[in-house]
Amino acid sequence: MTTVKERAAAMFETMAVVHLHAFTPQGQRGETSPQIVRALAGLQRMSREEWSHFLRFAELQRVSLRTLQLLEKWIVANALTPRFDELDDRRQVEEQKIGCALAALDKVVRALELTGHSPIVIKTLDHWPDIGSDLDLFIAATEGDTVRAMQSELQAEPQPQSWGDRLAHKWNFRIPGLPQLVEIHVGCLGQTGEQDALPAHLEESSVIHDIGPYSFRVPAAEEQVTLATLQRMYRHFYIRFTDLLNLTGLVRAGGLDFTRLRTSAQRWSIWPGVATLLKITSDYNERAGVGPLPLPEFVLRSARFGAEVTHVGERFLRLPMVPQGSQLFLQQLIGTGAARHFRAAARLSLLPALAAAAFVNLRITGNDKGIW
């Protein structure tokens with residue numbers, strides 16, 4: 001009998017092959033490569049139940065719309081015969097949901113601008129044309145002004161803050177009629193709010209991203225990688241497939257200045273994590289049969305490990321906490337202290353205790369939300 005983890009691993013591999021082949025140049029997509037042949041044959045053999053699992057897995061990985069669009073392209077190219085007829089309907093539903101989320105995000109931005117500060121949309125639009133399960137923003141306003149703007153302009157209801165939320169100066173809001181939560185980082189970034197200098201750099205380097213009638217301030221490409229690294233390599237220790245896909249797109253499009261990325265990441269003492277995340281992404285490109293990413297040698301030298309130590313759990317690509325994850329954290333803590341960023345070091349030192357409390361609470365109550 002196939003276990004949940006085995007099924008997740010198989011779906012993750014299929015997703016990687018199908019999506020990462022789409023990033024290779026026209027005429028070199030490897031439609032006849034063994035990997036793509038196996039992936040398409042596997043999709044073709046799926047039962048209705050397996051098909052539903054696969055599409056739900058794509059949603060979990062934040063690649064739902066991109067997967068539907070890609071499958072439709074394979075069908076048009078006669079490389080895949082549609083066995084179920086809901087692709088077009090699913091795509092339209094997904095596009096409608098994303099359209100509503102974008103309209104709401106625009107309203108949130110306009111409301112927050114009343115604080116006198118211009119918010120930056122972080123992480124949410126990295127997945128475009130997909131969108132995350134919540135709407136993430138950063139703003140340099142005070143917490144009081146931020147909460148007042150959300151309540152007065154959007155009738156938003158602040159959600160209870162966990163210990164980690166308070167440390168990180170992070171607020172979640174529920175807006176009537178919007179299924180997604182709005183998550184706002186106020187004044188600082190990082191799991192414990194340790195990154196108090198990064199926000200100024202984020203604002204200085206931000207760019208405008210136009211989507212239809214909307215314009216949003218978003219991080220530059222290098223800062224997108226920085227924020228993804230903070231989230232994946234220094235907090236969650238798991239990677240969604242969308243992270244691999246987003247990074248692949250940035251690198252293969254030539255959208256990253258690796259020297260600037262290294263200089264910036266070294267300031268925040270997370271360069272080893274950045275290099276490692278890029279190396280893992282490159283390894284998965286190689287596994288998918290499209291070849292490694294064109295990463296500079298100094299990136300590969302700085303990586304602490306690659307995909308060989310990762311594994312697909314029941315939902316995500318997992319990174320081992322011991323020793324790899326803990327070593328990255330210790331290097332960040334030591335580097336932060338050596339740079340005399342004492343406030344950041346003090347806050348980072350709270351992270352192991354916070355994580356331990358969250359683990360204990362999870363085992364006792366089945367929920368870590370009050371802490372983490």
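What's counted below: heavy atoms across the whole structure, side chains too, no hydrogens, waters or symmetry copies. Residue numbers run from 1 in the order of the sequence given.
The shortest side-chain heavy-atom distance between S269 and Q331 does not fall under the 4.5 Å cut-off. Under the 4.5 Å side-chain criterion, counting only non-hydrogen atoms from C-beta, F258 is in contact with L295. Residues I120 and P219 form a side-chain contact, since some pair of their non-hydrogen atoms from C-beta on lies under 4.5 Å apart. Inter-residue side-chain proximity for I175 and Q180 is flagged as unmet; no heavy-atom pair is nearer than 4.5 Å. Looking only at side-chain heavy atoms (C-beta outward), D136 and D134 come within less than 4.5 Å of each other. For the pair R235 and L230, the minimum side-chain heavy-atom distance is 4.5 Å or more. With a 4.5 Å cut-off on side-chain heavy atoms, V225 and L250 count as touching. Side chains of I211 and W128 form a contact here, defined as non-hydrogen atoms less than 4.5 Å apart.
Remark: the S47 side chain and the E49 side chain contain no N/O donor-acceptor pair separated by less than 3.5 Å. A donor-acceptor pair shorter than 3.5 Å can be found between the side chains of S118 and R217. For the 3.5 Å distance criterion, the side chains of T242 and H127 qualify, holding a donor opposite an acceptor. Side-chain N/O atoms of E183 and H185 include a donor and acceptor closer than 3.5 Å. Counted by atom type alone, S133 and R62 present one or more donor-acceptor pairs between their side chains at under 3.5 Å. One side chain, H19 or T67, offers a donor N or O that lies under 3.5 Å from an acceptor on the other. Side-chain contact, S215 with D210: a donor N or O sits under 3.5 Å from an acceptor N or O. Defined by atom type and a distance below 3.5 Å, a donor-acceptor pair is present between the side-chain atoms of S162 and D165.
Taking CD from E223 and CG from L198, the interatomic distance works out to 7.5 Å, rounded to the nearest 0.5 Å. Note that CD of E50 is 12.0 Å distant from CG of L55, once rounded to the nearest 0.5 Å.
For F329 and Y234, the ring centers are positioned 6.0 Å apart or more. If you look at H236 and F316, their ring centroids are not closer than 6.0 Å.
By the neighbour-count criterion of 12 heavy atoms within 6.0 Å, atom CD of E13 is sparsely surrounded, having that number or fewer from other residues, nucleotides or ligands. Around atom CZ of R318, more than 12 heavy atoms belonging to other residues, nucleotides or ligands sit under 6.0 Å away.
For the pair R232 and F237, the cation-pi test (distance below 6.0 Å, angle within 45°) is failed.
Between E95 and R91 there is a salt bridge, with a side-chain nitrogen of the basic residue lying less than 4.0 Å from a carboxylate oxygen of the acidic one. In this structure, E222 pairs ionically with R260, as a charged nitrogen and a carboxylate oxygen lie closer than 4.0 Å. For the pair D283 and R287, the salt-bridge criterion is not met [side-chain N within less than 4.0 Å of a carboxylate O]. Classification of D145 and R148 as a salt-bridged pair holds, one side-chain N sitting under 4.0 Å from a carboxylate O. Here K97 pairs with E59 in a salt bridge; the nearest charged N to carboxylate O distance falls below 4.0 Å.
Residue pairs meeting the salt bridge (charged side-chain N to carboxylate O under 4.0 Å, His left out) criterion with at least one member in residues 319-343, sequence neighbours excluded: D196-R343. A side-chain hydrogen bond (donor to acceptor under 3.5 Å, both in side chains) check over residues 292-303, counting only residues at least two apart or in different chains, returns the pairs W271-S302.
A side-chain donor-acceptor contact under 3.5 Å links N285 to the backbone of T281.
Heavy-atom minimum distance, A288 versus H21: O-NE2, 2.8 Å.
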Please lay out, stage by stage, how Q92 and D88 fare under the test side-chain contact (heavy atoms from CB on, under 4.5 Å). CA-CA 6 Å; Q92 291 184 39; D88 186 59; 2.7 Å; yes

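By the side-chain hydrogen bond (donor to acceptor under 3.5 Å, both in side chains) test, D106 pairs with R110, sequence neighbours left out.
Paired with F241 under the rule ring-ring contact (aromatic ring centres under 6.0 Å, His included), one option of F57, Y284, F12 passes, and it is F12.
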